[in-house]
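For reference, the structure I am asking about is given below.
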Number of protein chains: 2
Amino acid sequence: MSELASQTYTRADEAFDCLQTAIVKGDLAPGDKIGELDLCSRFELTRGPLREALGRLESRGLLVRRPHAGVKVVSVSASELVELYRIREVMEGLAARQAAERMTDQEIADLQATLNTHEAMIDEARGQAYYQAEGDYDFHHRIATGSRNTKLAQMLLGDLYYMVRMYRYRLSTSAGRPHLALGEHRRIVEAIAQRDGELAEFLMKRHINAARKNIEKKIEEGLLTI
Amino acid sequence: MSELASQTYTRADEAFDCLQTAIVKGDLAPGDKIGELDLCSRFELTRGPLREALGRLESRGLLVRRPHAGVKVVSVSASELVELYRIREVMEGLAARQAAERMTDQEIADLQATLNTHEAMIDEARGQAYYQAEGDYDFHHRIATGSRNTKLAQMLLGDLYYMVRMYRYRLSTSAGRPHLALGEHRRIVEAIAQRDGELAEFLMKRHINAARKNIEKKIEEGLLTI
DNA sequence: ACAACGTATATTGTCAACAATACCTGAGTC
DNA sequence: GACTCAGGTATTGTTGACAATATACGTTGT
């Protein structure tokens, strides 16, 4: 996760990663008032590094802290998930545009290669779950970093994606439309390969828009109330 | 700054605010390897809360930490400032759109009132600096919160604006075009008042685009190399 | 019986001492 | 003279104990 692996891995970093994955995977349910001591014993940590990690997580909006009252995982509503996708739409649109302008040919080739891998997985009808979870993440991850926009990548990779993945784990949403999504991914990469930033932005926005509408539909059907 | 003033203000919060303003105002120069003890004596703090604040700041990208090597304020380049404005363009565009859909009539009235205040200040030719620094910030702040998009507002207010303000203090950029900016602000508010989200988004994007081009021009002229 | 208050407890916030590590200085060698 | 390597030092990371506060419970008064 960390870019160039700062040789020494501090306890606070460890705590941060543990907590983050625990929150994302749903091991720490939202709304729970969870004590620091519980967390310490759970992750074999002491309170110092733990508190530092809690501060970071709070700053990223994954949990909320009330002084002397405790920490709880942020409770999330379905409508907020939709809001997240609206943000993704504009930010990843920008990322796609800049990626088209700035990615190296090698990076584009790699991106196409990952898409082929994903296609193979879907055709074999196994690992659909993988494709939707990690594969999709991988695709968007590459474009975010390919934008060469440090802050943009940081916001997408460090904030938004974790929140989206949190929802995904919790509700196993984003189900369905694997072939559809792959096709959309292909078109986006095509536009990037042709260095057509405007088109790449348009396609990416439409892609995420479609994902959002898919989620909204599920909410309508009452499958997604949190 | 904190939304509903959590009665008790912890030392870590204090440290966080002190450091943030110090960074934004330029009292802590970027690139400086600044020691924890120095900071402690400077802000009358102890290392515990300080470290917690440092973690939060690092998480927000205002400073970088290398284990056992120290903390330094993130050094920023002119090109990265431009990248920031590209992000602002799409995010604030979205904010304007959602604000047009969701702001209360009262909020819109307040927004118009602040614009009148700003105009009076400019006409009196005093407080231009104020208008450009705090006034502009105030305008964008209101729209961000008016979007009713929690995460969007959090990202704009908690991350992007601090970075932009950091640059502003440091280079006293964003100079010029006060009347121009005010006119653009007025048109945006008009669109919001008419509940025309699409237009509000378009105008906001163009507004920030203009600001970005203004900065790029200065960079061309060599006035803004960092 | 219900409400309000005061106390008790458990949890969080804070502090100061200890341990580990990166950087710097100096000597030695090529 | 320049480079390498080793040790010292200062700074950071970590720990455990202490202080402050919010919640919960029991008591008391109406």
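We name chains A, B, ... by the order of the sequence lines, and we start the count at 1 in each one. From a predicted model like this one, the values you see are computed outputs, not experimental measurements.
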* To do: Specify the separation, in whole Å, of atom CG of A:D38 and atom C1' of C:dT11.
  => 10 Å
* Please work out which of the three classes, parallel, tilted or perpendicular, describes the rings of B:F139 and B:H185, given edges at 30° and 60°. =>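 Parallel: the ring planes of B:H185 and B:F139 meet at under 30°.
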* Find out whether B:Y161 and B:R88 are in side-chain contact, i.e. whether some heavy atom of one side chain is under 4.5 Å from a heavy atom of the other. => yes
* Minimum heavy-atom distance B:E89-B:K205, with the two atoms named ->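 For B:E89 versus B:K205, the nearest heavy atoms are O-CG, 3.4 Å.
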* Rounded to the Å, how far apart are B:H68 NE2 and C:dA19 P? -> 15 Å
* From the options D:dT12, D:dT14, C:dG13, select the nucleotide whose nearest atom is closest to the side chain of B:E36. => D:dT12
* Would you mind reading off the distance between A:R66 atom CZ and C:dG13 atom P, rounded to a whole angstrom? =>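 So the CZ-P distance, A:R66 to C:dG13, works out to 11 Å.
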* Quick one: B:K33 NZ to C:dA22 P, roughly how many Å, whole number? ->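 After rounding, the gap between these two atoms is 15 Å.
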* **side-chain contact (heavy atoms from CB on, under 4.5 Å) against A:A95, all qualifying residues, sequence neighbours excluded** =>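 Listed in chain order: A:I143, A:S147, A:L152, A:L156.
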* Asked: Does anything in residues 45-63 of chain A reach DNA chain C, meaning a heavy atom under 4.0 Å, and if so which residues?
  ->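 Of all residues in residues 45-63 of chain A, the ones placing a heavy atom under 4.0 Å from DNA chain C are A:R47, A:R51.
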* Consider the side chain of A:L37, meaning its heavy atoms from C-beta on, and name the nucleotide among C:dC23, C:dT11, C:dG13 that approaches it most closely. =>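 Selected nucleotide: C:dT11.
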* To do: List in chain and number order the residues that pass side chain to side chain donor-acceptor pair (under 3.5 Å) with B:R86, two or more places apart in sequence or in another chain; answer none if no residue qualifies.
  =>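 Here no residue qualifies.
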* To do: With DNA chain D as reference, determine whether A:A12 or A:A69 sits nearer its 5' end, using the nearest nucleotide of each.
  =>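 Closest to the 5' end, via its nearest nucleotide, is A:A12.
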* Asked: Are OP1 or OP2 of D:dT14 and a side-chain N or O of A:T10 less than 4.0 angstrom apart?
  -> yes
* Asked: With a 4.5 Å limit on heavy-atom distance, are the side chains of B:I219 and B:L81 in contact?
  -> no
* To do: Send over the distance from A:R11 CZ to C:dT21 P, rounded to a whole Å.
  =>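 So the two atoms are 12 Å apart, to the nearest Å.
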* Asked: So with a 6.0 Å cut-off around NZ of B:K72, is the heavy-atom count from everything else above 12?
  -> no
* Asked: Between D:dT11 atom P and B:L39 atom CG, what is the distance in whole Å?
  -> 12 Å
* Asked: Which whole-number value in Å describes the distance from B:E14 CD to C:dT14 C1'?
  -> 12 Å
